[in-house]
Amino acid sequence: MEKLMILNGSPRAPRSNSKEYAAIFAEACSLPTETFAITPKNHLELCSRMEGFSQLLLVFPLYADGIPVPLLSFLKTLAAHPPKKKPVISVLINCGFIEWQQNRLAVEMVKLFCTQQGYVFGSALMIGSGEAILKTPFRFLAERGIRKLAASIQRHQYRTFHTTMPLPKKLFIRASTNYWLAMGEKNGVSKEQMETMKIE
Ligand SMILES: Cc1cc2nc3c(=O)[nH]c(=O)nc-3n(C[C@H](O)[C@H](O)[C@H](O)COP(=O)(O)O)c2cc1C
């Protein structure tokens, strides 16, 4: 019986968009699934738990045009401690910008890991406007993409999918700027502070 392991690679896993995407996937997938968040301390435990799973889905956000650090360091541990039977690895990645294409590089990074470490790469879903889409009337587009991703993994007909909000870029930028300014104000951070390179 096939089983699918979902790993959340977001640095803010407990309250992440990835957590919500993973939950939608688990609901849409007919295979038994188990979801885990990657933490700095559970890498070895996750590697050994992976033994029982034929499929692995990495759910993570795009960070600085690449894979976020929690996932990157987990992949390093996985390279050193692979399971005896390697699962097929698929990805569900979301990014903040409206262009789903921004995610391509991170997908290539996971594909490179698979090639170098002897894993089969399965399917990919790239979501643009991933910070926002679930809170808008376009949520159905993300859910539809996730259903397609789940079906392709279940049927072993691996494919790459993408989705985003069908909005003009100018409108998206205006709406997202207002969103982040309001978020900054709520957290006591000004526009000027957000525009500096200091992130802490
Ligand atoms: C430090 C940092 C770097 C980010 N880098 C990018 C990026 O390069 N491109 C992009 O489109 N979104 C970027 N984002 C936006 C996230 O991908 C987006 O907010 C995502 O929904 C976060 O998902 P999560 O809640 O699962 O962590 C970045 C966010 C943060 C906090």
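Counting convention: from 1, in listed order, for ligands and their atoms alike. This chain uses plain numbering: 1 for the first residue, then up along the sequence. Just so you know, these numbers come straight off a predicted model, no measurement behind them.
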Exam field: side chain T33 to backbone C29, donor-acceptor pair closer than 3.5 Å: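 Such a contact is absent between T33 side chain and C29 backbone.
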
Salt bridge (Lys or Arg N to Asp or Glu O under 4.0 Å) partner of E20, chosen from R139, K135, R12: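 That would be R139.
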
Sub-6.0 Å ring centroid separation between F121 and Y158: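 Aromatic pair excluded; centres sit 6.0 Å or further apart.
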
Pick from Y21, F97, Y63: the one approaching atom 1 (C) of ligand 1 most closely through a non-hydrogen atom: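 Selected option, by shortest heavy-atom distance: Y63.
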
Heavy-atom nearest neighbour of atom 6 (C) of ligand 1 within options L105, V59, I133, L62: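 Residue with the shortest heavy-atom distance to the ligand atom: L62.
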
Pair S10-N17, side-chain donor/acceptor within less than 3.5 Å: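 Their side chains do not contain a donor-acceptor pair, so the 3.5 Å distance test is not met.
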
Within the 4.0 Å heavy-atom shell around [X], which atoms of ligand 1 are there?
X	result
S10	24 (P), 26 (O), 27 (O)
A64	3 (C), 4 (C), 5 (N), 6 (C), 7 (C), 8 (O)
G96	10 (C), 11 (O), 12 (N), 15 (C), 16 (C), 17 (O), 18 (C)
D65	7 (C), 8 (O)
E131	18 (C), 19 (O), 20 (C), 21 (O), 22 (C)

Give yes if a backbone or side-chain nitrogen or oxygen of [X] is under 3.5 Å from a nitrogen or oxygen of ligand 1, and no if not.
X	value
S18	yes
R12	yes
N17	yes
K19	no

Interatomic spacing from OG in S54 to CG in L31 - rounded to 0.5 Å: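 Result: 7.0 Å between the selected atoms.
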
Straight-line distance of I93 CD1 to R104 CZ, nearest 0.5 Å: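 Rounded to the nearest 0.5 Å, the CD1-CZ separation comes out at 12.5 Å.
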
Results of side-chain hydrogen bond (donor to acceptor under 3.5 Å, both in side chains) for S129 - residues two or more places apart only: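 Testing S129 for side-chain hydrogen bond (donor to acceptor under 3.5 Å, both in side chains), a comparison that skips the adjacent residues, returns T164.
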
Within residues 81-99 or reaching into it, pairs that qualify as salt bridge (Lys or Arg N to Asp or Glu O under 4.0 Å) - sequence neighbours excluded: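 Found E99-K169.
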
Proximity of E99 to ligand 1 by residue part, where a heavy atom lies under 4.0 Å: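 The answer is neither.
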
